[in-house]
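Small disclaimer: the values here were computed from a predicted structure and weren't measured. Below, read A as the first sequence line, B as the second, and so on, with proteins coming before strands; counting in each chain starts at 1.
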Amino acid sequence: MSTAMNFGTKSFQPRPPDKGSFPLDHFGECKAFKEKFLKCLRDNNFENTLCRNESKEYLECRMERYLQIPSMFLNSSAYCLSAFIKLDK
Amino acid sequence: MAVLGRPPWRRLGACWGWWGGRAAALQQRQPPWRLKSTNPFTREQEQEWRRRNRTVLMYVAAAAVGMIGASYAAVPLYRLYCQTTGLGGSTVAGHASDQIETMVPVKDRIIKVTFNADVHASLHWNFRPQQTEIYVVPGETALAFYKAKNPTDKPVIGISTYNVVPFAAGQYFNKIQCFCFEEQRLNPQEEVDMPIFFFIDPEFAEDPKMAKVDVITLSYTFFEAKGGHKLPVPGYN
């Protein structure tokens with residue numbers, strides 16, 4: 001699907017997301033958690049490893065508000081969000 | 001000028017006296033389609049050989065044409081084969097959620113993921129990433145945000161697709177959830193955060209072709225969707 005007309009080179013094939021599309025947060029219910037996460041990123045020079053707590057909180061907020069379909073975690077044996085965001089040991 | 005009346009392979013004898021005669025004798029060959037042998041017994045054999053040569057030539061020509069045809073047919077056939085067996089291309093084994101649980105982050109390989117946002121000219125949304133870059137390691141899930149605002153006074157439906165540069169790194173870029181390939185509707189003056197939850201496959205660190213890749217750029221583009229028109233999810237088509 002890439003627009004570069006390169007014959008023979010591997011072109012990029014976009015893949016749909018594994019767990020589907022995020023339902024949009026139209027009412028901004030989890031905005032505070034998002035702001036916290038972004039602030040953490042900015043403070044830590046955009047390092048993802050240091051802000052995993054905040055991202056976990058954001059996704060938990062979404063799950064609570066049913067913005068996130070918990071079925072995404074149903075397949076996993078742990079049945080919980082922490083399987084996806086492994087907090088640093 | 002009687003020499004001009006002779007067939008061309010006999011004309012040389014007209015010049016240079018004795019030498020011309022020798023040259024003419026050398027040149028004095030039969031026209032190509034006449035059989036070489038004058039003996040009636042060997043003549044039949046020669047005809048047989050000629051017939052066999054012609055059949056061999058026919059077979060060889062058919063094989064050559066068959067090869068050319070097969071090379072054209074190979075492209076859709078290979079694609080069909082890949083679809084049934086799932087080798088190569090878009091479907092890579094091991095994208096199950098248990099892989100996400102068990103994968104181990106490769107801590108010594110830090111990759112900078114930069115974000116880019118585009119809109120199609122006909123879509124009047126303000127679409128931009130909320131962070132310019134993020135440093136991740138392969139095997140670790142990461143969250144990133146984009147923001148979109150509909151400044152018009154009509155509800156607009158948009159649909160987006162993405163691109164990863166360098167292309168070869170795109171196969172390691174796995175999105176767990178995002179907002180792409182589905183219609184997203186924004187009401188007038190509505191502003192919404194669009195998250196992406198992704199990770200980079202730990203096998204990225206083991207690929208020798210990716211040894212020099214330190215920056216991956218993720219680029220999203222929004223298009224306007226006519227209502228009810230479902231964008232075909234890109235696959236191996």
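- Ion pairing between A/E60 and A/K56 holds under the 4.0 Å rule for side-chain N and carboxylate O.
- B/R109 has its side chain within reach of B/D214: a pair of non-hydrogen atoms, C-beta onward, lies under 4.5 Å apart.
- For B/E190, the part lying under 4.5 angstrom from a heavy atom of chain A is the side chain only.
- Contacts between B/I196 and chain A at a heavy-atom distance below 4.5 Å involve the backbone alone (N, CA, C, O).
- Heavy atoms closer than 4.5 Å to chain A are found in the backbone of B/F173, but not in its side chain.
- Using a cutoff of 4.0 Å between basic side-chain nitrogens and carboxylate oxygens, B/R52 and B/E48 are scored as salt-bridged.
- Taking the ring centroids of A/F37 and A/Y58, they lie at or beyond the 6.0 Å cut-off.
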